[in-house]
Amino acid sequence: MAPIQRSSTLRLTGLLCLLFLVFFSRGFASHDAVSEKSSGTIQEDSRGQANSTAHKKTFPVLSFNYEHVRTPFEISLWILLALFMKLGFHIIPTVSHIVPESCLLIFVGLLVGGIIKATGEQPPVLDSNLFFLYLLPPIILDAGYFLPMRPFTENIGTILMFAVVGTLWNVFFIGGMMYAVCQIDAAKLAHVDLLSCLLFGSIISAVDPVSVLAVFEEIHINELLHILVFGESLLNDAVTVVLYHLFKEFAHEQAITVTGAVLGVISFFVVSLGGVMVGVIYGIVGAFTSRFTSYSRVIEPLFVFLYSYMAYLSAEIFHLSGIMSLIACGVIMRPYVEANISHKSYTTVKYFLKMWSSVSDTLIFIFLGVSTVAGPHTWNWIFVIFTVIFCLVSRVLGVIGLTAFINKFRIVKLTKKDQFIIAYGGLRGAIAFSLGFLLNNNEIKNLFLTAIITVIFFTVFVQGMTIRPLVELLAVKKKKESKESINEEIHTQFLDHLLTGIEDICGHYGHHHWKDKLNRFNKTYVKRWLIAGERSTEPQLISFYNKMELKQAMMMVESGSAAKLPTIVSTVSIRNVQAKGSPKPSRAISKSREEEIRRVLRANLQNTRQRLRSYSRYELLNDALEDDISEARFRKQKEMERRMSHYLTVPANRQETPPVRKVFFQPEHKVYTYDDSESPRGRASPSCADDVSELKETPEKPDQSSTPRANRDAELKPKEQDDQGDQLKVSRCLSDPGPNPEDDEDSTFLP
Amino acid sequence: MGASQTRPEHNYDDLTDKSGFSQEQIKNLYQRFQQLSGNHEKISRDDLDRIPALNNNPIRKQIITAFFDKRNQHQNDVGSLDEIGFEQFLMVMSHFRPVNSTATEEEKVTVRKQKLRFLFNMHDTDNDGIITLDEYRTVVEELLSQSGAIETEVARSIADAAMLEVASTNVPHMAPDDFYEGITFEHFEQILKGIEMESRMSIRFLDMNTATMRCGKLSS
């Protein structure tokens, strides 16, 4: 119990500190108005007197000017609050098991809003501008950039159906039914006309990607359902934008004409396809730019972010769908950019996107809570309750109806369980609130806002909290651990070609045929333009293989340590697989290239010892010390493992490919945290001789029989180890198109 | 296309039972068969070779061979045929039928085994029941064959790594002198259990229309 108590007291103190800070800033805000005036007058006085008696006023050693930094200060405070909350929820696991994070954050927002209101200040409302321009894009970009393409494209038909037809159905159903409700005399809502109701419907019916992400990420359902709901929430933005603007315009004129309706339909296509096109253009430009960024690796990630953000903003200029533009940009840009940028930049992009989207997400929910306390509310029981009911009903009806239709065309049908989860996962969120906030100020607006907030609360709290137990109860398939296996990759590609071939034999231009055509087009034309150097001709299987080797090498370095050896799953090594007397196992790269790389690496390793590091802010120095430490650990690691697997390592002059173990890899979009606990233990002087002696001193293998072999191994020429180390580094280099080892490192490191 | 006569020897009901296709699908496939065979009764390898769309396919040889492989005929024969008739054509096609959503778990497992068997037969060219390292190497080489000047060494190291992975998962503890003969069917099933074969390895057979079939017509 002690650690929990400690952590809860910690959290409490943290919370109190923060509230105090908030108070503080608020206090200053009101003091400021007074103090500014007074300081202003003082200054004038002093200036006036300065001409006559300049020395009368003493020089202020310490002065106070809060106004100067007010805005960034407050913004930072809010972000800090958000981060502390996020931290707090993870420190105390018990609560976050039951209640999803989004609920807790809204609750905190309510608290903070209440506190602010209690001090007499006006709590800040979630400004729509702030939301749409700053808070929403990071989340969408993060989602779009790491969108799993295969399930997305396989289910695109279903997703589009749900997004377009489903949302349309929701809008008209809710709008119509609410209008009918408004006609009830008891509601006293006669002033709400049909168009306003339809406008309300268009705001409230869109499934919100932020909420869906927040809730679905915690429940880990299978990929299909996740992509269906999530894809729908992303793609319904176009429908929402069109309908919202349409009804808003028509609300002025109080009537919908036929031309209006037709224009609306046309507008839908323009908005969605236009948005996608804008995204594609920016994506291609971004990919093309990344082809040249090898000259300055440090700024690579910025290109990714800025191009995507510009795509979003450009689409917003023309009232096109910014979300679709952002997604399109990320999706198009990603394969080419990833082939071009260095491994470090890729990690940076991943981490920054995760970081920003996480902060945005937290801030949005907190602000939602605060805005609830702030905003003027018009509570009308009938309106609100019926809104909630109709939202649920229309969602369920829509999903059932659409699924019945879609299942005719799907190979993998959607079961009743799937339908339930899809219907239940239709959460509303901050987008609805912000859209409502943008309405013109009139009496109806507050009514709508109240209802919107209620629906959001209902979906996030009730549905968000209960979806996890429901998923358990219904035994919905969970996300399977994605073990990236080379066999699966080989067979996935094999299947693609096989099915394309069968379709061709059948004469049937189906799904696979077109996908194959697209791939070939991509390979022959697009890749050549957008990917730098040799990578443009690298087939997917080889990139996959290299990536896998790289990941494995890194994992072995990080997961192993001096004391703890990785649990080796099997003792099978490459020797067991290859027939005796078979020709020497193959290399992953050509021999001449390997020699070249080896030569450079060796030269570099020597340079390392004599190097003077000149500090430059604009250059990203390869932290050579870090590399050497990893290198040393790596070599040690390899030695240990080889001993454990009874492996006599006397490759005559070459080393075989490292034994491939089936290791659990983090799926690509997850952030992989390296275990930093090993760094202090890395030795600072990584020379080969040291390594050999170290090995002699640390007989940590569990298997005693290998000790005699170990000694023999330790006596290997240092050259061997160098070879192996180089070899492994070589395989690392291959998939990391980092700075050209020949060029950059030499120029950077030599004094 | 004209009115396609039901050839007296082909009993469509019989075929429906054996292959699982519907009457409509069988009719469509029969039309395609006629087209490929030039209105003869049997198709030879050359007939399939001539399909232009297959030229870009890196594994076309294996696909065509699969059609003439006796093992895919749901009988216990081995060896290969020189020509196949419509029924055999249909039997091979039936491997790609999507599984019924109303199927029970056991049926799904059977279908899955069937499809995996087809794949296995494609790899195991010498029909000894295991996929040896050489056969697997051939598979990877063929897969990469269309990608330009890839050295065989790359393909071989990938195949080696893949083989090693199979061995590690299925036979975790081997002494250094043991030799892993090759991938048996059980091991094959094991490593591919992450891929849902029953849904992945299927194509739609229903909506074929004659227009597309004309597009795929042979030049002859």
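First the proteins, then the strands, lettered A, B, ... as listed; each starts at 1.
Closest approach of A:C506 and B:M93 over heavy atoms only: SG-CE, 3.3 Å. Shown here for A:D504 and B:I51, the closest heavy-atom pair between the two residues is O-CG2, 4.1 Å. Of all heavy-atom pairs spanning A:I486 and B:A162, the tightest one is CG2-CA, 3.4 Å. Residue B:R200 comes nearest to A:T492 through the heavy atom pair NH2-CG2, 3.2 Å, listed as atom of the first residue, atom of the second, then distance. Nearest approach of B:I203 to A:I502, heavy atoms of both residues: CD1-CG2, 3.7 Å.
If you measure heavy-atom distances from B:V139 to chain A, the contacts under 4.5 Å come from the side chain alone. Only the side chain of A:L495 has a heavy atom closer than 4.5 Å to any heavy atom of chain B. Neither the backbone nor the side chain of B:I64 has a heavy atom closer than 4.5 Å to any heavy atom of chain A.
Between the side chain of B:N57 and the backbone N or O of A:H497, at least one donor-acceptor pair lies under 3.5 Å.
Applying the 6.0 Å contact sphere to CD of B:E135 captures more than 12 heavy atoms from other residues, nucleotides or ligands. Counting heavy atoms of neighbouring residues, nucleotides and ligands inside a 6.0 Å radius, atom CG of B:D126 exceeds 12 of them. No more than 12 heavy atoms of other residues, nucleotides or ligands lie within 6.0 Å of NZ in B:K113, so this atom counts as exposed by the packing criterion.
Contact tally against chain B (heavy-atom pairs below 4.5 Å) for A:Q493, A:R410, A:K517, A:R520: the top residue is A:R520.
Taking CG of A:L498 as the start and NE2 of B:H95 as the end, the distance is 11.0 Å to the nearest 0.5 Å. Put simply, CD1 on A:I505 and CG on B:D47 are 11.5 Å apart, with the number rounded to the nearest 0.5 Å. The line from CE of B:M122 to CZ of A:F494 is 4.0 Å long, rounded to the nearest 0.5 Å. Between the NE2 atom in B:H123 and the CD1 atom in A:I490 there is a gap of 8.5 Å [rounded to 0.5 Å].
Under the 4.5 Å side-chain criterion, counting only non-hydrogen atoms from C-beta, B:F188 is in contact with A:H491.
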